Amino acid sequence: MELFVLGDLNETERREVLSLAKAYPEIQREIEAIEAMQFDFDQRSGREPSVRVKDKIFASLEADRHAASATKNQKERTLATTSWKNFAVAASVTALLAIGLAGYFGYRYYEVEARVTQALAQNARLAENLQNNQVRFDQLDARTKQLLSGNFERVPMEATGLPMQEEARVDVFWDRESQEVFLSVNRLADLDENSDYQLWAIGADGPKGIGLVNPGEKLNLQTMQAASEAQAFAITIEPKGGSASPTLEKLVVLGKVS
């Protein structure tokens with residue numbers, strides 16, 4: 001420690017003494033006591049303190065202060081960098097989670113919206129079908145009441161053996177007095193878009209077309225044109241819209257009036 005006070009230690013040794021003095025107060029007090037003794041001795045001997053020793057001491061203290069300041073600044077920069085990196089990582093993770101959650105809930109929202117739209121469309125179709133069926137039921141009910149209240153006779157019409165029409169079955173209901181004609185399709189094959197079924201009332205003056213038949217309208221009574229006279233009824237396949245006279249080679253069903 002005397003050598004430290006006199007400035008005769010190298011840089012490494014001086015740093016070790018300064019480090020020990022910071023860690024152990026008794027060493028610091030010992031250094032201060034030696035410095036006081038040296039100062040008192042110099043005062044008594046009339047010698048000026050060594051400028052070299054003073055400069056070394058102050059240079060050492062200044063270097064230590066700069067080193068401590070540099071270490072503090074480095075720690076602050078490291079802490080700031082670490083904090084910024086941690087913040088950036090946390091922000092990135094938060095952003096990814098937010099994007100993921102937004103995507104998930106967005107997908108779920110559109111999925112639910114699509115299901116709701118589909119359900120609404122299906123309900124609308126069901127409501128429309130129900131309304132149509134109700135209209136058909138009301139019409140059938142009205143025609144059935146009319147059929148029961150009148151003097152209708154049923155004319156069963158049988159297939160004539162025309163290819164693809166062997167199982168055709170149709171019923172005609174005719175009231176001679178009111179001349180009203182209803183037709184009920186039990187089984188008729190579908191036709192191409194360029195053809196129609198046509199009903200004929202065959203009397204003494206020959207066949208008379210009394211309406212086109214809808215093969216898809218089953219379980220219903222189709223209202224045909226009035227027939228004042230009929231010895232038989234027949235259905236033929238005609239060009240779209242019907243013909244003025246029947247195409248006999250395309251006779252589908254025939255029923256004689258009893």
Side-chain angles (χ1 to χ4, degrees), residues 118-119 121-258:
Q118 183 179 5
Q122 184 176 5
N123 289 340
R125 289 193 299 268
L126 290 175
E128 182 179 2
N129 291 337
L130 181 61
Q131 183 177 5
N132 292 337
N133 289 334
Q134 184 64 43
V135 171
R136 291 180 58 188
F137 175 79
D138 293 341
Q139 292 175 348
L140 178 60
D141 184 60
R143 289 170 185 171
T144 301
K145 289 179 180 178
Q146 184 179 0
L147 186 66
L148 294 175
S149 63
N151 190 22
F152 288 88
E153 65 178 288
R154 173 176 173 268
V155 181
M157 305 178 70
E158 302 294 334
T160 61
L162 188 69
M164 303 296 295
Q165 301 287 348
E166 291 88 349
E167 297 183 356
R169 296 289 184 277
V170 179
D171 289 327
V172 170
F173 298 91
W174 178 44
D175 188 331
R176 296 174 186 266
E177 296 179 3
S178 66
Q179 302 181 6
E180 293 175 298
V181 179
F182 293 137
L183 182 140
S184 174
V185 174
N186 299 320
R187 190 181 300 114
L188 274 179
D190 292 331
L191 297 177
D192 60 68
E193 59 182 9
N194 298 316
S195 302
D196 273 326
Y197 288 110
Q198 188 170 359
L199 177 64
W200 304 89
I202 304 173
D205 296 332
K208 174 187 175 182
I210 58 173
L212 300 179
V213 179
N214 183 356
E217 190 176 344
K218 300 176 182 179
L219 302 176
N220 195 10
L221 292 174
Q222 301 182 41
T223 302
M224 312 306 291
Q225 298 173 17
S228 59
E229 181 189 2
Q231 298 173 359
F233 291 94
I235 292 179
T236 59
I237 299 175
E238 303 296 336
K240 193 71 175 178
S243 303
S245 58
T247 305
L248 296 179
E249 60 270 22
K250 292 186 178 181
L251 180 63
V252 178
V253 291
L254 176 65
K256 294 182 180 181
V257 178
S258 59

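Here the structure is a predicted model, which means the values were calculated and not measured. Heavy atoms only: backbone and side chains are in, while hydrogens, waters and symmetry mates are out.
Ion pairing of Lys208 with Glu229 is absent here, as no side-chain N (NZ or NE/NH1/NH2) approaches a carboxylate O to less than 4.0 Å.
Scanning both residues, Lys218 and Pro215, for their nearest heavy atoms gives CE-O, 3.4 Å. Contact record, Ser184 with Leu221: CB-CD2, 4.0 Å, taken as the closest heavy-atom pair. Nearest heavy-atom pair, Ala168 versus Val253, reported as atom, atom and distance to 0.1 Å: CB-CG1, 3.7 Å. Considering all non-hydrogen atoms of both residues, Asp171 and Pro156 come closest at OD1-CA, 3.5 Å. A pairwise comparison of heavy atoms in Ala226 and Ile210 identifies O-CG2, 4.0 Å as the closest pair.
The aromatic rings of Phe152 and Phe182 lie parallel to each other, their planes meeting at an angle below 30°, with 60° marking the opposite boundary.
By the neighbour-count criterion of 12 heavy atoms within 6.0 Å, atom NZ of Lys256 is sparsely surrounded, having that number or fewer from other residues, nucleotides or ligands. More than 12 non-hydrogen atoms from other residues, nucleotides or ligands lie less than 6.0 angstrom from CD of Glu166. More than 12 heavy-atom neighbours from other residues, nucleotides or ligands sit within 6.0 angstrom of CG on Asn123.
By the 4.5 Å heavy-atom criterion applied to side chains, Arg169 and Met157 are not counted as neighbours. For the pair Asn214 and Val185, the minimum side-chain heavy-atom distance is 4.5 Å or more.
No donor-acceptor distance shorter than 3.5 angstrom exists from the side chain of Glu167 to the backbone of Arg187, with no hydrogens or angles considered. No donor-acceptor pair closer than 3.5 Å links the side chain of Glu217 to the backbone N or O of Gln222. Using a distance-only test at 3.5 Å, with no hydrogens or angles considered, no donor-acceptor pair links the side chain of Asp175 to the main chain of Glu180. Glu238 places a side-chain N or O within donor-acceptor distance of the main-chain N or O of Thr247, the cut-off being under 3.5 Å. Remark: side-chain polar atoms of Trp174 are not paired, donor with acceptor, to backbone N or O of Val155 under 3.5 angstrom. No donor-acceptor pair closer than 3.5 Å links the side chain of Gln198 to the backbone N or O of Gly209.
Taken to the nearest 0.5 Å, the CZ atom of Arg176 stands 12.0 Å off from the OG atom of Ser178. Between the CG atom of Leu183 and the CE atom of Met224 there is a distance of 5.5 Å, given to the nearest 0.5 Å. Rounding to the nearest 0.5 Å places CD of Gln165 at 8.5 Å from OG1 of Thr160. Interatomic distance, Ile202 CD1 to Leu254 CG, rounded to the nearest 0.5 Å: 6.0 Å.
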Between Gln179 and Ser228, does a side-chain hydrogen bond (donor to acceptor under 3.5 Å, both in side chains) hold up when you go through it step by step? CA-CA 5 Å; Gln179 302 181 6; Ser228 59; 4.8 Å; no
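The only member of Leu251, Leu162, Asp192, Asp196 that meets side chain to side chain contact (heavy atoms under 4.5 Å, CB included) when paired with Ile237 is Leu162.
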